[in-house]
Number of protein chains: 2
Amino acid sequence: MPRDTLTREQIVKAAIDLLDDEGLEGLNMRALGKRLGSAATAVYWHVGSKDNLITLAGDEVWHQIALPDLATMDWRTAATQMATDLHAMLTRHSWLVQAFGSYMIFGPGKARHDDHGYAVYEAAGFTGAQADQAAATVFTFVLGNALVPAAAASFTKKLGRDGGNAEALMHESMAKAHEIAAQFPRLRARLDTAATDYAATPDNTFQFGLQAILDGLEAQLGAHSTPSDLASPSAAGGDASAEHARIGDV
Amino acid sequence: MPRDTLTREQIVKAAIDLLDDEGLEGLNMRALGKRLGSAATAVYWHVGSKDNLITLAGDEVWHQIALPDLATMDWRTAATQMATDLHAMLTRHSWLVQAFGSYMIFGPGKARHDDHGYAVYEAAGFTGAQADQAAATVFTFVLGNALVPAAAASFTKKLGRDGGNAEALMHESMAKAHEIAAQFPRLRARLDTAATDYAATPDNTFQFGLQAILDGLEAQLGAHSTPSDLASPSAAGGDASAEHARIGDV
DNA sequence: CGTCCTACTTGAACGCAGTGCAAGTCGCTG
DNA sequence: CAGCGACTTGCACTGCGTTCAAGTAGGACG
């Protein structure tokens, strides 16, 4: 084997770096080749296609999120930690959320994460399909929460790529948004309090939503009628005298 | 004016149709021109750019969702209806979810929807930032819930475009996913019960998650009084700053 | 030491997609 | 009828994903 050979891992790592820097639309094979110090087409021998490379990169980053030890903490803490870690990871790699909408991202990395996710909700006392749905609910919320910031990041990067007057264009588009919002009473009110910034969905919203969801899930578990939330003593309802929670049918 | 002139509305409508048929990556100006019976470049006079066209189309569809009358139903019914309508709309136009990750979609259509969304949660009793967060939580969940199905649809359409052996490729990629999943105990168990179909996240999950979230929100209403927020001692994604959102654009 | 095989790299080139441009075309208005 | 302005069109440029035939290099084997 030649000494200075590219490796799949090296390529995937470089792709992740490039994606972090330039966003999903900023990734192209020639730029990647340059970053690797090789011809663009050399990459094809190792990864086959750009789609496949993105799939690879999109799975790799899941390894960055830690899997909490369920033996040393109650499920709610574990769930919060996993969701928060995922949130942070998606913020770091905002291109992943976009990729999630266009590619089937599933590999060892995500599988490892999903598996542990199920473990958390099974430890909570959910059984069978309920554990799946609980996990999916939280997962889905975290994903959706990352979508708008991802769009903002993508937009910003595109402006930066298109020309020098990025500031001006950004300002213009914000101004137009304000103008539209001003025509609706509640949106207008939010404009005044300056709470509505398209680019920055506050982290508070994430924590608020996450805890609300976990509250809702917890309620399904034991019907432990203490709405005073917070307290999450080790639920571990033994074997889930799982009340058949009522689910809205279609 | 010449008699057979294109109009912006006509173009946007054709674009939506094409997007529904072919997906986000299937939309290109020449195909759109053909569908309109005109040259591809004629479109540019009316909409400026493809990005702008997508922004226009992506806002237009929001008008399809109904705004429940808050005077004749309780907030939870209204919230459920709005979320369900949104869910249905996103399923109809799965490209929109992808577009949401790459473009800043905000116009009169979405503004109208958002405004009413806030109205619902204010009617519920949430005040100020809490109403925003409640609305964002549900909205975000619905969006995230549509993401994976959108990816599946996109993937299928791409396969259909690439060549005739779509079935084979689809089968192969599912087989690979199964193989990976089989290495993780909980995923493997789900494989056996045949509950895991990547392309079809059951609608049950949506209803389950939505009701759980509304449960959680409802609980916050009753147990008011503590703005000291959230349990979760750990986590702390970083700045747990005040409710004053920072505005910084990038 | 030479030779071959395999693993890998490269540059040229093809096709498609977004889009700017200059030259139309058509109908209305003066 | 001349001309203007609203629209349309074909051409062509660029950038990107990808293919392909032609390399190159290092180890294995004789």
Side-chain angles (χ1 to χ4, degrees), chain A residues 1-12 14-15 18-19 21-58 95 98-99 102-103 154-155 157-163 165 169, chain B residues 1-12 14-15 18-19 21-58 95 98-99 102-103 154-155 157-163 165 169:
Chain A
M1 296 84 179
R3 262 220 345 187
D4 254 17
T5 308
L6 293 176
T7 66
R8 203 190 177 94
E9 289 74 34
Q10 188 188 150
I11 290 174
V12 170
L18 211 162
L19 285 164
D21 289 351
E22 309 287 351
L24 189 57
E25 333 207 335
L27 172 69
N28 67 72
M29 302 307 266
R30 302 188 220 254
L32 180 61
K34 193 170 293 180
R35 189 173 279 233
L36 286 163
S38 69
T41 51
V43 174
Y44 281 86
W45 196 91
H46 297 273
V47 301
S49 70
K50 184 186 180 183
D51 280 10
N52 194 45
L53 173 58
I54 291 179
T55 299
L56 255 23
W95 49 272
Q98 302 174 58
S102 302
Y103 304 88
S154 176
F155 185 67
K157 276 164 185 155
K158 175 178 299 186
L159 287 187
R161 235 175 290 123
D162 276 0
N165 49 356
L169 287 180
Chain B
M1 298 87 168
R3 265 225 338 188
D4 254 17
T5 307
L6 293 175
T7 65
R8 204 190 176 92
E9 289 75 31
Q10 188 187 151
I11 291 174
V12 170
L18 212 164
L19 284 164
D21 288 351
E22 309 288 351
L24 190 57
E25 333 206 338
L27 171 69
N28 67 72
M29 302 308 268
R30 304 188 217 253
L32 180 60
K34 193 169 293 178
R35 189 173 278 233
L36 286 163
S38 69
T41 50
V43 175
Y44 281 87
W45 196 91
H46 297 275
V47 301
S49 70
K50 184 186 181 184
D51 280 10
N52 193 45
L53 174 58
I54 291 180
T55 300
L56 255 25
W95 50 271
Q98 302 173 58
S102 302
Y103 304 89
S154 175
F155 185 68
K157 276 164 184 156
K158 175 178 298 187
L159 286 188
R161 238 174 288 124
D162 275 359
N165 49 356
L169 288 181

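Order of the sequence lines fixes the chain letters, A, B, ..., with proteins taken first and strands second; residue numbering starts at 1 for each chain.
- Taking the side chain as every heavy atom from C-beta outward, E22(A) and N28(A) never approach each other to under 4.5 Å.
- For the pair Y44(B) OH and dC21(C) P, the interatomic distance rounds to 13 Å; values are reported in whole Å.
- Note on T41(B): a base of the nucleic acid sits closer than 4.0 angstrom, heavy atoms only.
- When the nucleotides dT8(D), dT9(C), dT19(C) are ranked by their closest atom to the side chain of S49(B), dT19(C) comes out on top.
- Atom CZ of R161(A) sits about 6.0 Å away from atom CD of E25(A), to the nearest 0.5 Å.
- Remark: C1' of dG17(D) and CD of E25(A) are 15 Å apart, rounded to the nearest angstrom.
- For W45(A), counting side-chain heavy atoms from C-beta on, the closest listed nucleotide (dT9(C), dG17(D), dT8(D)) is dT9(C).
- Distances shown here put every side-chain N or O of H46(B) at or beyond 4.0 Å from the OP1 or OP2 atom of dA6(D).
- Candidate nucleotides dA17(C), dT9(D), dT9(C) were compared by shortest atom distance to the side chain of N28(B), and dA17(C) ranks first.
- Under the 4.5 Å side-chain criterion, counting only non-hydrogen atoms from C-beta, D162(B) is not in contact with L169(B).
- L27(B) comes within contact range of the sugar-phosphate backbone alone, with a heavy-atom separation under 4.0 Å but no base atom that close.
- Which of dG18(C), dT9(D), dT10(C) sits closest to the side chain of A39(B) comes down to dT9(D).
- Whole-Å rounding puts the K50(A) NZ to dC16(D) C1' distance at 8 Å.
- Between L32(B) atom CG and dC16(C) atom C1' the separation is 16 Å, expressed in whole Å.
- At least one donor-acceptor pair closer than 3.5 Å links the side chain of K50(B) to the backbone N or O of L27(B).
- Atom C1' of nucleotide dG10(D) and atom NZ of K34(B) are separated by 15 Å, given to the nearest angstrom.
- In this entry the distance linking CE of M29(A) with P of dA13(C) reads 21 Å, nearest Å.
- Rounded to a whole Å, the CD atom of E22(B) is 16 Å from the P atom of dC16(C).
- The shortest distance between side-chain heavy atoms of L56(B) and R8(B) falls below 4.5 Å.
- Among the protein residues, A42(A) comes within range of the nucleic acid bases, having at least one heavy atom under 4.0 Å from a base atom.
- Judged by distance alone with a 3.5 Å cut-off, a donor-acceptor contact links the side chain of R30(B) to the base of dG18(C).
- When rounded to the nearest whole Å, the span between CG of L36(A) and P of dC8(C) equals 15 Å.
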